[in-house]
Structures are given as structure tokens and as C-alpha cells.
Amino acid sequence: MTLNQYRKSGKFCDFELHVGEKVFKVHKVVLAASSGYFDVMFNNKENFIENEENKINLSEDVDPQTCETLLTYIYTGEITVNANNVQDIARISNMFELMELVEHCSTFLEKSISKNNCIGILRFADFYGFPQLYYTTKRYVEYHFAEVSSEEEFLELTPKLLKQFLRSESLSIDHETQVLIGTLDWIMKDQNDRLQYLEEFINLIRMPLISPVQLKKCIAKYTLPAIADALAPYLKSQSSGAKLPSPAPSSHEPMEEKDLSYSLIRHQARMCSRRRVYIIGGLKHVSNDRQMSNTLNTMVKLDLHTGTWDASASFGYQRSSHCVVNFQGKIFLIGGECDSLILDTVQVFDPDTATGEATWKEVARLTTPRSAFGACVYKNNILVFGGKGHCSGHTIERYDPDTEEWEICGTMPQSLQGMQVVEYDGLIYIIGGRSPAQGYNSLNTLLCYSPETGEFKELAPMNSARSDFGCAVLHGHIYVIGGLDSNNDPLTTVEQYNITEVCPFLSLVFCLFSELANSFFSLTQNKWSFLSPLKTRRSSMCATAINNLIYTFGGRQVNAPRCLRDVTIYDPSLDQWFPCNQMPQSRTDAAVVLI
């Protein structure tokens, strides 16, 4: 018989674990050899009454099934950890000092962190004392704060944890307004208990960076008089240009020196706020010849808080028609072409440690060269779709940071190039482009791809066929801007598609593939709407969403190599386009990333 069989049969057992009405008979020597908790107990007989009674009553929050699972692990070394039992196993393992199992559970939880569950994992790690898990999860929340703060689970933060985030320089946000809105949502969740923190938390927010327009919107949205009173001094001082109010000391604490210094910090953007826009590579117009352009290996940076452009580190391979993504805080520069040579090279740039050209690092190459393709980040991977290049037009490729390798992971319904690819809420949208099977004419298609099932669904077509266009996602809407039509002529049209209308039903469709799910989907607002057009025809620009606005950079006005320096801004709340400071040099077929 094995030791575990002896335990289950009760043979030679000399100790009992009482979990509610359930009694587990065990062997002291086995528990002591595996658990630091029981080793101390059994080696200090005079200090533990359990040694006299030969039993221990475990707390009521210990589940008998979890206890059986842990005993099986202690006796056999075998255990199955999954999403349903990991927190219970981690908690009891930590109490019994089963350190290898604690580490295994912590690693499991770290790998499962997402925007939907990170707050729950953080609270668990904080309450039960898992320092490494707590640190990893806290960094995740900071890095995804703009998205996490809009999740329902964010409202379950403890006051202590929220205060830590409000003081953090590491919040990755588009603008300080996101911190204010998250805080006010948190307070409104339980006004009776949380209103006491309003003044303290407002004093931790970088209020001088929030515009009067945003303050007015908050006052209108959150009708609680206390919130209006707390924001009114900042609105008054910002509107009049007077000196901004300093944080007031609480009624029970004097203003400490560190609080006075913090009042100065409030006038500065957080160190990790997303205030840098990088425009990378592309084609530059040659001034003495309207029909010639050079491929670039340079990058320029726009500081959103100062409005200034700066040259940044150049990279080894000249590129245009490439893709860039912000992956784990680093810029991944993927594929593209130079002088008709299609590239498979991939380079990585870390803006937080960059000091010069040496900061560009080459990593694993694509499995096949590609340009004019689409790319996005999905969970802990980079996905690229289609493009020009040998055998690349219909394939999907995935980069795994754990193995640091690329692999083909799927195929699209048809070969595509010159399209745009965006990810939203776990689904990937492939928009427009052109297909060799259809004479390389621009398409008006919208495909939705589920990485979990590998399935595609065709959604409502755009009103205008387009390729080589700008695209951005803002507040649950896809925006497509300009591009080339089916006659290869540049467009002025701009369209919008509401993802939030269809996303919940798409999840049902991909999971169930049932007539009922498809009938529900057919009732959604699955359509595109025209918006205010561009002032001039334009294609091959890059676009991104920043601070509730959409920025477009460069491009060309006619179907020729002549490139533009133009930067334009679209305000969805006004449905209007506005000019902005031009780039230092003209660029088309470039790529943009926000860090």
C-alpha cells in the first residue's frame, strides 16, 4: 500500500484534521516532513494543545474538498490547479507553509491576470500576504490603469489600495481625467461609506492637469453636491487663470512636509502617463522631385504635454508599410519593405531605457517576409495578418514572448493587404484592404476574428471601399479615415462603427454558433455611419486615439510618392477636424504608436 492508501484507510494514523463535520486522519511524520506549519507544531509539544488532543480544528473558511486536495498533494505530490480552486489552494497552502505549492499557485495566478480579474487577484494577494503576486498584479494594474479603471471590478478596491494607485507615478494613462473619473466612480459605488475619502483622494489627483471642460463634465455627470464642491475651486482657478488651490490638510492630520512637496508634483504629468507618440519609418518626399521619395529609418517623438517634436533613435533597417505595436511597454517594429525588398526582420525599442541607436534590439524574425499587413496585441501575444510577401497574404502569425518565436497560427478567408487590424474586448477586427483574388481593388469588408475559436464572421461592410487608410479605436468605436477607393483614388470620407453594440452578441455567436445567437446578433446596430470628412483627399496616413481625440499623421494627397507633414485632429464630440503642428518632415506609409 502507498502512504496515501494508508491515510485513506486510517492505518497507523496518529493525528486528525477537523474541517467542519469532516474528519481527516493523517500521519504526523508525513505532515511534518512536508509542512513547516506542522513541523513547528509537532516539535513543540508543550506549546500546542493540539499535541495533547492529537487533533486540530481548522477555520470555518477551509473547504473539505480543498483540504482533501492538499492532503493528496502532501502524500503523493500530485495536484490539479485550475481557475476554480487556485485561490483556495493558495490560501491554505500559505497557511500550512507548503512553499512549493504556494509558488506554483502564484505563478498560475500571474499568468491568468487580465483586465477583468486583476483587482480581485490584487486584493487576494494583499489580504493573504503573497508579496510577489501582489507586486506583479499591482504593476499590471498600473500599466493598464486607463482600461482597468473602467471595469466594474475596479470599484471593489479597498481605500488603501486606491490611495496607493493615486500616489503612483507608474499609472499608464492617456490623461489625468481618467484617474479622476475612476476615483469618482469608486466613491459613487458606496457614497455612505466612501464620501469621507473624497477630499483626501482629490488632493492626490493631478487636478491642475485637468481642463475646465472635463471638470464641468464631471460636475454634470456626478450630481452629488459634495463632488461639485470639491471640484469647484479647481474649475474656478483654471477658468480664471488664478493660482491653483493647494491640497488642504485633513481635519485629523497636519500638513506634512511630504504633502507640501506632493502639491508641487501635482502640476506634473505622471512619469508613466501615455504622453509620447512615436512616428516610425515610412517614405520621405524628395523636395527636388515630385515623383521620388526615400525610405526612412528614423523615428520622431511628439510630447503631448509640451506639443514639441524631437528626433529619437534611428533603427538599422529602412522601412515603410510596416507595423508597430506597444507590447509590454516596448515598441515592436515588424516587417515592412525597403526599395521593393519585403522584410521579415523585427526590432524592439524600450523607450524607458533608451539612450541611443544601440537601444534598438533585433529579435526573432517573422516566419515569412510581409509588408502592408495588419498587427495587434492579443493577451500576451502579438498577432500579424496577411500582407504582401511570399506566402504571407492569407496567413496569421503569432509571437510568443515566452519562447521568443513566431509561428503560423491560422489563415484568413482570403489574402489581404493594405487593411487595418484592431483588437477590442477579446475579438479582432480586420477592415478593408485589397485582395489579389479581386484584382487588387479596394474592399469594403469588415471581418471579426476570434483567436479562441479560430473562426471568422463577416460584419456590416463599410459604405466606401478603402485600402491604405488611417484607423483608430476610441470609446468602443472603430474610425476609418481616408484611404484609396476601388479606383485607386484617394478619399475624404470618414466612417464610424460601434463595436460595443455588437461585441456581446459576437461572443455568443463564436461560442454557440446557434441560430438563436445569430438572430440576436441580427438585431444589433451592425452598420457604419459617415462622419465629417477630411478637408483634402488623403491616403497612407497613420492614426491613433489620444485623450478622447483622434490624431492622423502624414500620408499623401494624390496617388503618387509626394508625402505630407500634416497632422490633423478629429474631435468626436464636435464631429470636426482641426489642424495641428506639422511633423518635422514629410512621411507616408509610416506607423504610429502611443507609449
Side-chain angles (χ1 to χ4, degrees), residues 61 83 87 109 112-128 130 133-134 137-168 170-207 209-211 213-235 247-248 250-253 266 270 273 424-426 474-476 500 503-504 547-548:
D61 60 347
Q87 291 197 10
L109 286 168
S112 67
I113 293 172
S114 70
K115 297 169 189 175
N116 299 321
N117 65 16
C118 57
I119 298 299
I121 294 175
L122 180 69
R123 293 183 62 195
F124 172 82
D126 180 53
F127 186 82
Y128 289 106
F130 291 82
L133 178 62
Y134 173 84
T137 313
K138 181 173 180 288
R139 292 292 296 138
Y140 180 93
V141 175
E142 289 173 334
Y143 185 72
H144 297 89
F145 189 87
E147 296 79 21
V148 172
S149 62
S150 63
E151 295 285 339
E152 186 68 23
E153 196 186 47
F154 180 81
L155 306 180
E156 304 303 321
L157 272 175
T158 63
K160 182 192 78 170
L161 290 174
L162 179 56
K163 184 176 180 179
Q164 289 179 7
F165 287 123
L166 296 182
R167 277 194 170 273
S168 174
S170 300
L171 300 188
S172 180
I173 54 175
D174 299 311
H175 196 272
E176 194 69 19
T177 305
Q178 293 171 323
V179 182
L180 175 61
I181 290 173
T183 302
L184 295 180
D185 285 341
W186 181 87
I187 288 173
M188 294 296 290
K189 174 70 174 180
D190 186 0
Q191 299 175 26
N192 293 334
D193 186 54
R194 297 178 177 180
L195 199 57
Q196 61 179 308
Y197 301 104
L198 176 62
E199 182 179 2
E200 178 185 6
F201 288 178
I202 288 292
N203 288 340
L204 296 177
I205 298 172
R206 312 289 170 93
M207 296 299 295
L209 303 180
I210 302 176
S211 70
V213 172
Q214 293 300 326
L215 290 174
K216 288 178 181 178
K217 287 182 179 179
C218 287
I219 291 174
K221 177 181 178 181
Y222 306 98
T223 56
L224 204 62
I227 291 178
D229 292 342
L231 300 183
Y234 296 96
L235 178 60
S250 63
S251 57
H252 58 281
E253 290 182 352
R266 298 176 82 218
R270 297 176 192 265
S273 62
Y424 184 83
D425 202 21
L474 178 63
H475 301 322
T500 58
C503 200
N547 298 346
N548 302 313

Give, for atom [atom1] of [X] and atom [atom2] of [Y], the distance between the pair rounded to the nearest 0.5 Å.
X: Phe165; Y: Ile119; atom1: CZ; atom2: CD1; answer: 5.5 Å
X: Glu142; Y: Ser172; atom1: CD; atom2: OG; answer: 10.0 Å
X: Asp425; Y: Asn116; atom1: CG; atom2: CG; answer: 7.0 Å
X: Ile187; Y: Phe201; atom1: CD1; atom2: CZ; answer: 7.0 Å
X: Tyr197; Y: Leu162; atom1: OH; atom2: CG; answer: 10.0 Å
X: Phe124; Y: Gln87; atom1: CZ; atom2: CD; answer: 5.0 Å

Any side-chain heavy-atom pair from [X] and [Y] closer than 4.5 angstrom?
X: Leu157; Y: Leu122; answer: yes
X: Ile210; Y: Leu231; answer: no
X: Trp186; Y: Lys189; answer: no
X: Ile227; Y: Ile219; answer: no
X: Val179; Y: Arg206; answer: no

If you look at every heavy atom in [X] and [Y], which pair is closest and at what distance?
X: Leu184; Y: Cys218; result: CD1-CB, 4.2 Å
X: Ser114; Y: Asn117; result: N-OD1, 2.8 Å
X: Cys118; Y: Ile113; result: CB-CG2, 3.8 Å

Answer yes or no: is there a donor N or O on one side and an acceptor on the other, between the side chain of [X] and the main chain of [Y], under 3.5 Å?
X: Glu153; Y: Gly120; value: yes
X: Tyr140; Y: Lys115; value: yes
X: Gln178; Y: Ile173; value: no
X: His175; Y: Leu209; value: yes

So which of Asp126, Thr137, Val141 actually passes side chain to side chain contact (heavy atoms under 4.5 Å, CB included) with Ile121? Thr137
Step-by-step side chain to side chain contact (heavy atoms under 4.5 Å, CB included) determination, Met207 to Leu180: CA-CA 8 Å; Met207 296 299 295; Leu180 175 61; 4.2 Å; yes
With sequence neighbours excluded, what pairs up with Thr158 under the side-chain contact (heavy atoms from CB on, under 4.5 Å) test? Arg123, Lys160, Leu161
With sequence neighbours left out, what residues match Ser149 under side-chain contact (heavy atoms from CB on, under 4.5 Å)? Phe145, Phe154
May I ask you to decide whether Arg270 forms a salt bridge with Glu176, counting only side-chain N to carboxylate O separations under 4.0 Å?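 Looking at Glu176 together with Arg270, the answer is yes, because their closest N to O distance falls below 4.0 Å.
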Under the criterion side chain to side chain contact (heavy atoms under 4.5 Å, CB included), I'd like the reasoning laid out for Ile181 against Lys221: C-alpha separation, chi angles, the key distance, then a yes or no. CA-CA 10 Å; Ile181 290 173; Lys221 177 181 178 181; 4.3 Å; yes
Taking side-chain hydrogen bond (donor to acceptor under 3.5 Å, both in side chains) as the test, write out the residues that go with Gln164, two or more places apart. Tyr134
